[in-house]
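Since the model is a prediction, treat every value here as computed from it, not as a measurement.
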Amino acid sequence: MTLTLFPIAKNLPTQQAQQLQPTNTESLIEPAEKEAITAADYKKGVSIDFDKYKGSYFDENIISKLRNNLESVVENNKEKFKENLNKKSLESIREGFYYTNESDQFMFYDLDLIEKVDQPEQIRVGVRFAKKSSDGSIENQGITYFFTKNEAGEWGIENID
């Protein structure tokens, strides 16, 4: 059995097909399973120890933008949420993911992926969080932040998925 990762690239000229695949990926941490947060463990807020993950490209600039966005979700502040989004991404990011029910509370507790890809140039950060619903139930989830450079060459949040 043959598995084709990029079936759409199968019929493209070699140069175009190569552009679809990352040419170099640098990882600071690899995806890993994290223990689930229970009701007893739950504490609303951002409790990620960003310093332990700080590295060559996961620097204070990226960390501050990520932290600001996560804090905006905890605070249910939709305007603050948009502050570090790249202009072109404002319409494409599904802010409704976090804001579907304003009574939901969030605990962002760890990272499970930090990597930089050369082609296309982006930084991916996987965030683990627990969402507490109004009925007290806790749902553990993960989400990935995609950072790209804007027209001025500054890193910003391009997508959250």
Exercise. Does any donor atom in the side chain of Ser56 or Glu26 lie under 3.5 Å from an acceptor atom in the other side chain?
Worked result: yes
Problem set entry | Residue pairs, two or more places apart or on separate chains, that pass salt bridge (Lys or Arg N to Asp or Glu O under 4.0 Å) and touch residues 35-50 | none
Exercise. Could Lys65 and Glu154 be called an ion pair, given the rule that one side-chain N must be under 4.0 Å from one carboxylate O?
Worked result: no
Exercise. Are any of the side-chain heavy atoms of Leu70 and Val73 separated by less than 4.5 Å?
Worked result: no
Exercise. Between Phe108 and Phe129, does the ring centre distance come in under 6.0 Å?
Worked result: yes
Problem set entry | With Glu121 via side chain to side chain donor-acceptor pair (under 3.5 Å) - residues at least two apart | none
Seminar exercise, completed: dist Arg124:CZ -> Thr148:OG1 (nearest 0.5 Å) comes out at 12.0 Å
For this session: Keeping the roles fixed (side chain from Tyr42, backbone from Phe106), state whether a donor-acceptor pair exists under 3.5 Å.
Result: yes
Exercise. In terms of side-chain heavy atoms, does Ser134 have a donor or acceptor partner in Asp104 at a distance below 3.5 Å?
Worked result: no
Problem set entry | Val125 and Leu113, any side-chain heavy atoms less than 4.5 Å apart | no
Problem set entry | Gap between atom OH of Tyr53 and atom CG of Leu66 - 0.5 Å precision | 12.0 Å
Exercise. Any luck finding a side-chain donor-acceptor pair between Glu83 and Asn68 under 3.5 Å?
Worked result: yes
Exercise. How close do Asn150 and Ala152 get, heavy atom to heavy atom, and via which atoms?
Worked result: OD1-N, 2.9 Å
Exercise. Applying the side chain to side chain contact (heavy atoms under 4.5 Å, CB included) test to Tyr145, which of Asn69, Ile123, Asn159 qualifies?
Worked result: Asn69
